[in-house]
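Encoded as structure tokens, the structure appears first; notes follow it.
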Protein chains: 2
Amino acid sequence: MVGIKDVAEAAGVSTASVSRVLTNQPNVTPELREKVMAAVKQLNYRPNLVARSLRSQQSNTIGLIVSDIRNPFFTAISRAVEDTAYQQGFRVILCNTDEDAEKETLYLNLMRDENVAGIIFSPTRQTLANFSALDLNFPTVVVDRSIKNINVDSVLLDNVAAAYRLTNHLIENGYQRIGAIFGEASTTGAERRHGFLEALKDHNLTSLPGLLKTAPPKIENGYESALEMLKSGTPPEAIFTSNSMLGAGVLMAIREMKFNMPDDLALVTFDDTAWASLVQPAITVIAQPTDEIGKTATQLLLQRIAEPGRPTRKVILDGELIVRGSSAARSLALHIPVLKV
Amino acid sequence: MVGIKDVAEAAGVSTASVSRVLTNQPNVTPELREKVMAAVKQLNYRPNLVARSLRSQQSNTIGLIVSDIRNPFFTAISRAVEDTAYQQGFRVILCNTDEDAEKETLYLNLMRDENVAGIIFSPTRQTLANFSALDLNFPTVVVDRSIKNINVDSVLLDNVAAAYRLTNHLIENGYQRIGAIFGEASTTGAERRHGFLEALKDHNLTSLPGLLKTAPPKIENGYESALEMLKSGTPPEAIFTSNSMLGAGVLMAIREMKFNMPDDLALVTFDDTAWASLVQPAITVIAQPTDEIGKTATQLLLQRIAEPGRPTRKVILDGELIVRGSSAARSLALHIPVLKV
DNA sequence: AGGATTATTGTAAACGTATACAATGAGTCT
DNA sequence: AGACTCATTGTATACGTTTACAATAATCCT
């Protein structure tokens, strides 16, 4: 193993000088830099990041704590976070929590032990509730989940507005008996639910018993919930889901029950996943600007790392409504049954 | 910051003793352990992993280097790797290479600098070619890509056999003009191509000009390649793709050209993604045992970390052919055109 | 019983780097 | 010219652990 001492010796300078040129400090003469770099290249020296981190008491790895990497939303986020982080010389440690509060504290502790520079985190409601209690002693930015009355950087979607728009779109296209399934682990689900209900109210519609569900954001839950709705005597005309996992489950149920989209049942969901546009008819969605979210979160974090005292900020992004066939305007035949036959 | 010294003081013992109980060494009396643990709990002490890693010259983080986390195959792999790794007390650093050989060496160096315990890696062909040259000085296990004549643990699919089976299935169902698109970055694509061609040969079929393509595993490439095939005067009866990214692109092209599956065109692909079963007709695929692959790779790595001298082993898993509607037996009408009308 | 062996704990050095402080030398000013 | 400043480099300590080695106490054997 070649260390800084070897480089110093080879270059005929002190270890301090080597360290200084390698950390790009000012006040080093070009000659010094040259000598050192030559020795570095010759010996193929690479600084030991662990030692560097121990001594300088700071590291350039950041933690990314998400609930499920298989959820395409988080996949996209991680990708964006990693890209921007690596680009700035930071590494990323990825953790899956499965929306499990215990795992969350586990990983949070881990991050502390690893002495990470900061974390990007999408906490469960549970963890969010006593967020101030666990006082993270490192820079933190919250993504996707909203956090109130606490000073922490965050970047999230305008969930209420997006859900409102999506629901509104359904209603304007002639759907009235609208079922909905919301994720229950996060604040996100609750906010989208709020937007959904607002839209109903503004059109003098009410949510119907048995057609308003809440479940952990997993495919099977979407499937089960939708089956219940579809098998009931009075199935909905449309289903709204607050994320793609639930949406995929609903689609499975639709397939199983051999319902036709959108004539028998319309479907709209959050997150523009691969399958949403491949399926026929394609699914109407709210597309979240995942790249933007991940990138912004990382930038926010890096800025806070550089300047811990800066005022916190909340970045709120807008979702984009992408209208596709799954929510096409209800056909006349169905609207005015008298015309049938 | 509370350190080991504080704990030692509080417990009335030496720092060495504290360290010994915390690293679960034998030869400590129960009383000692008790005293130390009490102090640890009281002070809420947590060992600094960076310092530990520096001193002990080993860490418990492993690197996972994949080409694209958005590819569902790698998403599934990472999830499995992380789960098993964390379960054994190891952390995971995730890196995306975009199948870019430069990025690969970049991250490989990074892993070295970070002093990771080992890595799990799916190298490009390019990197694989001079694999021995970059002599990784840490335990490595290669996944998904095959590597010859070099002693390194690896776990991969029996690609030739799987591709053969998939092709064979098409042929048996009456498809003869079969187009194919293979990933070009990895050895995987080449192997699957081999299996594909073998199957053709065994049925006295030949690959047709313009119907055998190679491209980086991205959706747009699948799309472009398929469009070319479909727009040609003599489009294929079926298309075979060697991974889900290409497959998704092909499906987009099919949709755009308004071809019907499987009557106008059958489609089969590798990897059982979410959309493969949601689409109608659902897609026939070779499902890779991703959980198994990730888990096995991690275990292999941890074993090698524990015992560096052990003989290397190559684990070869079988893919599962899942037959769905996209490759249904060609209808009689098309088979025997004379019957038509 | 006394020496040899073993089990347990303590002392202090080491891991590889960054950095506070000291030291040196080159300008600058009066 | 001498005192003073400032830029540059060197010396040596600190980061928070683990661990080789020393030391002590306890046990065993003849």
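Numbered from 1 within each chain, the chains take letters A, B, ... in sequence-line order. For clarity, every value in this text was computed on a predicted model and none was experimentally measured. Just so it is clear, the values below take in all heavy atoms, side chains as well, and ignore hydrogens, waters and symmetry mates.
You can see that DNA chain C meets the heavy atoms of chain B within a 4.0 Å-exclusive cut from dT8(C) to dG16(C), reading 5' to 3'.
Heavy-atom neighbours of Lys5(B) NZ from other residues, nucleotides or ligands within 6.0 Å: at or below the threshold of 12.
Residues passing the side-chain hydrogen bond (donor to acceptor under 3.5 Å, both in side chains) test with Ser53(B): none are found, sequence neighbours excluded. Arg304(A) meets the salt bridge (charged side-chain N to carboxylate O under 4.0 Å, His left out) test with Asp153(A); sequence neighbours excluded. For Thr29(A), the side-chain hydrogen bond (donor to acceptor under 3.5 Å, both in side chains) test picks out no residue, with sequence neighbours left out. Residues passing the side-chain hydrogen bond (donor to acceptor under 3.5 Å, both in side chains) test with Asp98(A) are Lys103(A), Arg79(B), sequence neighbours excluded. Partners of Ser17(B) under the side-chain hydrogen bond (donor to acceptor under 3.5 Å, both in side chains) rule, at least two apart in sequence or in another chain, are Ser14(B).
A donor atom on one side chain and an acceptor atom on the other are found under 3.5 Å apart for Gln25(A) and Thr23(A). With no hydrogens or angles considered, a side-chain donor-acceptor pair links Ser67(B) and Glu99(B) at under 3.5 Å. In this model, a donor atom of one side chain and an acceptor atom of the other lie less than 3.5 Å apart for Asn60(B) and Arg91(B).
Residue-level contact check: Ser19(B) touches the bases, meaning some heavy atom is under 4.0 Å from a base atom. The residue Leu32(A) sits close only to the backbone: its heavy atoms come under 4.0 Å of sugar-phosphate atoms, none of a base. Residue Val13(A) is classed as a sugar-phosphate contact, given heavy-atom separations below 4.0 Å to backbone atoms only.
Regarding Leu49(B), its CG atom lies at a distance of 9 Å from the P atom of dT17(D), rounded to whole Å. We find that CG of Asn60(B) is positioned 13 Å from C1' of dT17(D), with the value rounded to whole Å.
Note that the CD1 atom of Ile293(B) and the CG atom of Leu156(B) stand 8.0 Å from one another [nearest 0.5 Å].
For residues 43-72 of chain B, no residue pair satisfies the ring-ring contact (aromatic ring centres under 6.0 Å, His included) rule, not counting sequence neighbours. Within the structure, the salt bridge (Lys or Arg N to Asp or Glu O under 4.0 Å) test picks out the following pairs touching residues 29-55 of chain B (sequence neighbours left out): Asp113(A)-Arg46(B). Within the structure, ring-ring contact (aromatic ring centres under 6.0 Å, His included) pairs that include any residue of residues 90-109 of chain B comprise Tyr86(A)-Tyr107(B) (at least two apart or interchain).
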N/O-N/O pairs, protein side and nucleotides 13-16 of chain D side, under 3.5 Å:
{"residue": "dA14(D)", "atom": "N3", "partner": "Arg55(A)", "partner atom": "NH1", "Å": "2.9"}
{"residue": "dC15(D)", "atom": "O3'", "partner": "Gln57(A)", "partner atom": "NE2", "Å": "3.4"}
{"residue": "dC15(D)", "atom": "O2", "partner": "Arg55(A)", "partner atom": "N", "Å": "3.4"}
{"residue": "dG16(D)", "atom": "OP1", "partner": "Gln57(A)", "partner atom": "NE2", "Å": "3.3"}

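An angle of 50°, rounded to 10°, separates the two end axes of the helix from dA1(C)-dT30(D) to dT30(C)-dA1(D), each defined over five pairs.
The stretch residues 23-31 of chain B comes close to DNA chain C through Asn27(B), Val28(B), Thr29(B), each having a heavy atom under 4.0 Å from the strand.
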